[in-house]
**Q** 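Mind having a look at this structure? Questions to follow.
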Amino acid sequence: MAFKEGLRARKKTLWRLILLALGLLGLLLYGLPVVRARPEVLTCTSWGAPIIWDGTFDPDVAQQVAGERNLTIGLTVFAVGRYLEKYLARFLETAEQHFMVGQRVLYYVFTERPTAMPRLALGPGRRLHVQRVVREQRWQDVSMARMSTLRAALAGRLGREAHFVLCMDVDQHFSGAFGPEALAESVAQLHAWHYHWPRRLLPFERDARSAAALAPGEGDFYYHAAVFGGSVAALRGLTTHCARGLRQDRARGLEARWHDESHLNKFFWLHKPAKVLSPEFCWSPDIGPRAEIRRPRLLWARKEYALLRT
């Protein structure tokens, strides 16, 4: 009896030490993922990175840690062609309401028409920089060109002024607090349509000739290119990898199934993200309600590809 009680006490102590270690890891990875439990969802990857869901972190502590580090957070977005008029104003207006509130923010907008930018009243400590880009003829090329464009920006002003950068698609809007809990050395976003699919069905690039190819059995999760980020140094590595893979495919006459997103998924298979954002951070209303989706932070806009991509 005494032996069993001693064994239980040792197990309890061991679990306390494990939870303490995870908590300290959460602090280091910048999101405090183990404040509270979400037993109905996966909250940690096999390599120890937190998966951030509503209720698994303390937003006040995340804000305090970010404030103490005196960070500048970059937010990049591409608004090319009709996407500028259709989506950019709402994206930026809702970012002012919900994105990194209380932090220093640098919006970095890439467009071929800087003079058509919507007017936006920015809060204290928030700035906007517009960079002209060349518009590609095909929407696929617009998507694929952004990795090389981001890489160049990270080598210039964006890389000098920001500590962390999040890169997002413009055809969505903020609907809830998107704070420093989302920051880490490298950040990936679980794709809202695929986060619950078995790995064998995930839409990775499978053509072995492509630089983005993953073999059967490879790939951890399917990540969405609508949201990714990290430190400037980590993003330089990511964008360099993806831009190189896209060039290699083009030289071979290939185009990965999901373009730059396929190359992003290859990168995160080879270089595991330090933090993974749950689908709550980028959700599609077309999916409908899900019990585990408590507070969506970004919502996809209605897709009107026939109009916008012509």
**Q** Quick one, Leu106 and Leu75 - any side-chain contact, counting heavy atoms below 4.5 Å?
**A**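 When only atoms from C-beta onward are counted, Leu75 and Leu106 do not touch, as no gap falls below 4.5 Å.
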**Q** Can you check whether Ala211's main-chain N or O pairs, donor with acceptor, with Asp249's side chain at less than 3.5 Å?
**A**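 Yes.
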**Q** Can you name the nearest heavy-atom pair linking Leu88 to Val170, along with the distance?
**A**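 The pair with the smallest heavy-atom distance is CA-CG2, 3.7 Å.
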**Q** When you measure from the centre of the six-membered ring of Phe281, is the NZ or CZ of Arg297 closer than 6.0 Å and no more than 45° off the axis?
**A**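 Yes, Arg297 and Phe281 form such a contact.
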**Q** Roughly how far apart are Gln189 CD and Met168 CE, rounded to 0.5 Å?
**A**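 Those atoms lie 8.5 Å apart.
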**Q** Trp283 and His224: ring-ring contact (aromatic ring centres under 6.0 Å, His included), yes or no, with the steps?
**A** CA-CA 11 Å; Trp283 183 248; His224 196 180; over 10 Å; no
**Q** For Glu112 versus Val80, what's the shortest heavy-atom pair and its separation?
**A**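 So the minimum-distance heavy-atom pair works out to OE1-CA, 3.4 Å.
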**Q** Would a distance-only check, ignoring hydrogens and angles, find a side-chain to backbone donor-acceptor pair under 3.5 Å from Asp58 to Asp60?
**A**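 Confirmed, Asp58 side chain pairs with Asp60 backbone.
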**Q** Assess the side chains of Glu292 and Tyr195: does a donor N or O sit below 3.5 Å from an acceptor N or O?
**A**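 Side chains of Glu292 and Tyr195: pair found under 3.5 Å.
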**Q** Apply side chain to side chain contact (heavy atoms under 4.5 Å, CB included) to residues Val109 and Gln131 and explain how you reach the verdict.
**A** CA-CA 6 Å; Val109 178; Gln131 181 166 325; over 6 Å; no
**Q** Taking salt bridge (charged side-chain N to carboxylate O under 4.0 Å, His left out) as the cut-off, I'd like each qualifying pair that reaches into residues 122-134, sequence neighbours left out, listed once.
**A**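 Counting only pairs at least two positions apart or across chains, the salt bridge (charged side-chain N to carboxylate O under 4.0 Å, His left out) contacts touching residues 122-134 are Glu96-Arg126, Arg127-Glu161.
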**Q** Report the residues that fulfil salt bridge (charged side-chain N to carboxylate O under 4.0 Å, His left out) with Glu40, sequence neighbours left out, ordered by chain and then residue number.
**A**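 Here the qualifying residues are Arg38, Arg294.
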**Q** Please name the pair of heavy atoms, one in Gly237 and one in Phe267, separated by the smallest distance, quoted to 0.1 Å.
**A**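 So the two residues come closest at O-CE1, 3.8 Å.
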**Q** Would you compute the distance between atom CG of Leu84 and atom CE of Met117 and round it to the nearest 0.5 angstrom?
**A**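 With rounding to 0.5 Å, CG (Leu84) is 6.5 Å from CE (Met117).
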**Q** Phe268 and ring-ring contact (aromatic ring centres under 6.0 Å, His included): which partner among Phe204, Tyr223, Tyr222?
**A**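 The residue from Phe204, Tyr223, Tyr222 that satisfies ring-ring contact (aromatic ring centres under 6.0 Å, His included) with Phe268 turns out to be Tyr223.
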**Q** Which is it for Arg160 and Arg157 under the side chain to side chain contact (heavy atoms under 4.5 Å, CB included) test, yes or no, and what are the steps along the way?
**A** CA-CA 5 Å; Arg160 292 193 301 270; Arg157 177 177 177 177; 3.7 Å; yes
**Q** Can you find a heavy atom in the side chain of Gln103 that is under 4.5 Å from one in the side chain of Phe164?
**A**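 They are not in contact (no side-chain heavy atoms under 4.5 Å apart), so the answer is no.
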**Q** Applying side chain to side chain contact (heavy atoms under 4.5 Å, CB included) to Glu280 and Ile52, what does each step give before you reach the verdict?
**A** CA-CA 9 Å; Glu280 292 173 318; Ile52 307 301; over 6 Å; no
**Q** Using atom types as modelled and distance alone, determine if a side-chain donor or acceptor of Ser210 lies under 3.5 Å from a backbone N or O of Asp207.
**A**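 Answer holds: no.
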**Q** Decide yes or no for Arg257 and Pro203: does some side-chain heavy atom of the first lie under 4.5 Å from some side-chain heavy atom of the second?
**A**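 Counting from C-beta outward, Arg257 and Pro203 do come under 4.5 Å.
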**Q** Looking at every heavy atom in both Ala182 and Phe178, which two are closest together, and how far apart are they?
**A**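 Heavy-atom minimum between the residues: CB-CE2, 3.6 Å.
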**Q** Look only at the side chain of Gln63 and the backbone of Val101, and say whether a donor-acceptor pair between them is shorter than 3.5 Å.
**A**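 Answer holds: yes.
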**Q** Under 4.5 Å between any side-chain heavy atoms of Lys86 and Asp171, yes or no?
**A**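 No, side chains not in contact.
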**Q** Nearest 0.5 angstrom please: Leu166 CG to Leu183 CG, how far?
**A**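 The distance works out to 6.0 Å.
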**Q** Does either side chain, that of Glu93 or that of Gln97, offer a donor lying less than 3.5 Å from an acceptor on the other one?
**A**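 The criterion, which ignores hydrogens and geometry beyond distance, is not satisfied for Gln97 and Glu93.
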**Q** Indicate, with yes or no, if Met147 and Leu254 share a hydrophobic cluster defined by side-chain heavy-atom contacts under 4.5 Å among Ile, Leu, Val, Met, Phe, Trp and Tyr.
**A**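 Looking at the clustering, Met147 is in a separate group from Leu254.
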**Q** Closer than 4.0 angstrom, basic N to acidic O: yes or no for Lys272 and Asp220?
**A**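 So Lys272 pairs with Asp220 through a salt bridge.
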**Q** I'd like to know if the side chain of Trp53 reaches the main chain of Leu42, judged simply by a donor and an acceptor atom lying under 3.5 Å from each other, with no hydrogens or angles considered.
**A**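 Present.
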**Q** Parallel under 30°, tilted from 30 to 60°, perpendicular over 60°: which one fits the rings of His191 and Trp300?
**A**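 It falls in the perpendicular class, over 60°.
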**Q** Could you check whether any side-chain heavy atom of Thr111 comes within less than 4.5 Å of a side-chain heavy atom of Phe78, counting everything from C-beta outward?
**A**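 Not touching, per the 4.5 Å side-chain cut-off.
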**Q** Can you name the closest pair of heavy atoms from Trp47 and Ala49 and give their distance?
**A**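 For Trp47 and Ala49, the tightest heavy-atom pair comes out as NE1-CB, 3.3 Å.
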**Q** Taking the side chain as C-beta and beyond, is there a heavy-atom pair between Arg290 and His196 under 4.5 Å?
**A**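 When only atoms from C-beta onward are counted, His196 and Arg290 do touch, with a gap below 4.5 Å.
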**Q** Does a side-chain heavy-atom distance below 4.5 Å link Cys167 with Leu150?
**A**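 With C-beta onward as the side chain, the pair touches.
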**Q** Just checking Arg252: does its CZ atom have more than 12 heavy atoms from other residues, nucleotides or ligands closer to it than 6.0 angstrom?
**A**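 Above 12, so yes.
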**Q** Of all the heavy-atom pairs spanning Ser278 and Leu190, show the shortest one and how long it is.
**A**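 Ser278 and Leu190 have their closest heavy atoms at CA-CD1, 4.4 Å.
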**Q** Return yes if some donor-acceptor pair links the side-chain N/O of Glu261 with the main-chain N/O of Trp258 below 3.5 Å, else return no.
**A**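 Absent.
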**Q** What is the distance from atom SG of Cys282 to atom CD of Gln172, rounded to the nearest 0.5 Å?
**A**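 CD of Gln172 is found 4.5 Å from SG of Cys282.
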**Q** Answer yes or no: are there more than 12 heavy-atom neighbours, outside Arg206 itself, under 6.0 Å from its atom CZ?
**A**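 It does: Arg206 CZ has more than 12 such atoms within range.
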**Q** Holding to salt bridge (charged side-chain N to carboxylate O under 4.0 Å, His left out), I want the full list of residues that pass it with Arg295, two or more places apart in sequence or in another chain.
**A**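 Partners of Arg295 by the salt bridge (charged side-chain N to carboxylate O under 4.0 Å, His left out) criterion, ordered by chain and then number, come out as Asp54.
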**Q** May I ask you to decide if Ala234's main-chain N or O and Ser186's side chain share a donor-acceptor pair within less than 3.5 Å?
**A**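 No, Ser186 side chain to Ala234 backbone: no donor-acceptor pair under 3.5 Å.
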**Q** Would you say the side-chain atoms of Lys275 pair up with the backbone N or O of Pro50, donor to acceptor, closer than 3.5 Å?
**A**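 No: the side chain of Lys275 does not pair with the backbone of Pro50.
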**Q** Does a side chain donor of either Arg104 or Thr72 reach within less than 3.5 Å of an acceptor in the other side chain?
**A**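 Note: Arg104 and Thr72 side chains meet the donor-acceptor criterion.
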**Q** For Phe228 and Leu238, run side chain to side chain contact (heavy atoms under 4.5 Å, CB included): C-alpha distance rounded to whole Å, both residues' side-chain angles, the deciding distance at 0.1 Å, then the answer.
**A** CA-CA 10 Å; Phe228 62 93; Leu238 184 155; 3.9 Å; yes
**Q** If only atom types and distance count, is the side chain of Arg199 paired as donor or acceptor with the main-chain N or O of Glu218 below 3.5 Å?
**A**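 Not at all, since once roles are kept as given, no pair shorter than 3.5 Å links the two residues.
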**Q** Count I, L, V, M, F, W, Y as connected when their side-chain heavy atoms are under 4.5 Å apart, and connections chain through other members. Are Ile293 and Phe221 then in the same cluster?
**A**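 Shared cluster, yes.
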**Q** Which distance, rounded to the nearest 0.5 Å, do you find between the CG of Asp260 and the OG of Ser148?
**A**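 It is 10.0 Å, given to the nearest 0.5 Å.
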**Q** Kindly assign one of parallel, tilted or perpendicular to the pair His194 and Trp197, based on the angle between their ring planes and the thresholds 30° and 60°.
**A**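 Rings of His194 and Trp197: perpendicular, as their planes differ by over 60°.
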**Q** So do Leu92 and Leu128 actually touch side chain to side chain, heavy atoms under 4.5 Å?
**A**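 Touching, per the 4.5 Å side-chain cut-off.
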**Q** Please lay out, stage by stage, how Trp269 and His241 fare under the test ring-ring contact (aromatic ring centres under 6.0 Å, His included).
**A** CA-CA 12 Å; Trp269 164 247; His241 170 97; over 10 Å; no
**Q** Is the backbone of Phe91 close enough, under 3.5 Å, to the side chain of Thr94 for a donor and an acceptor to pair up by distance?
**A**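 It does hold such a pair.
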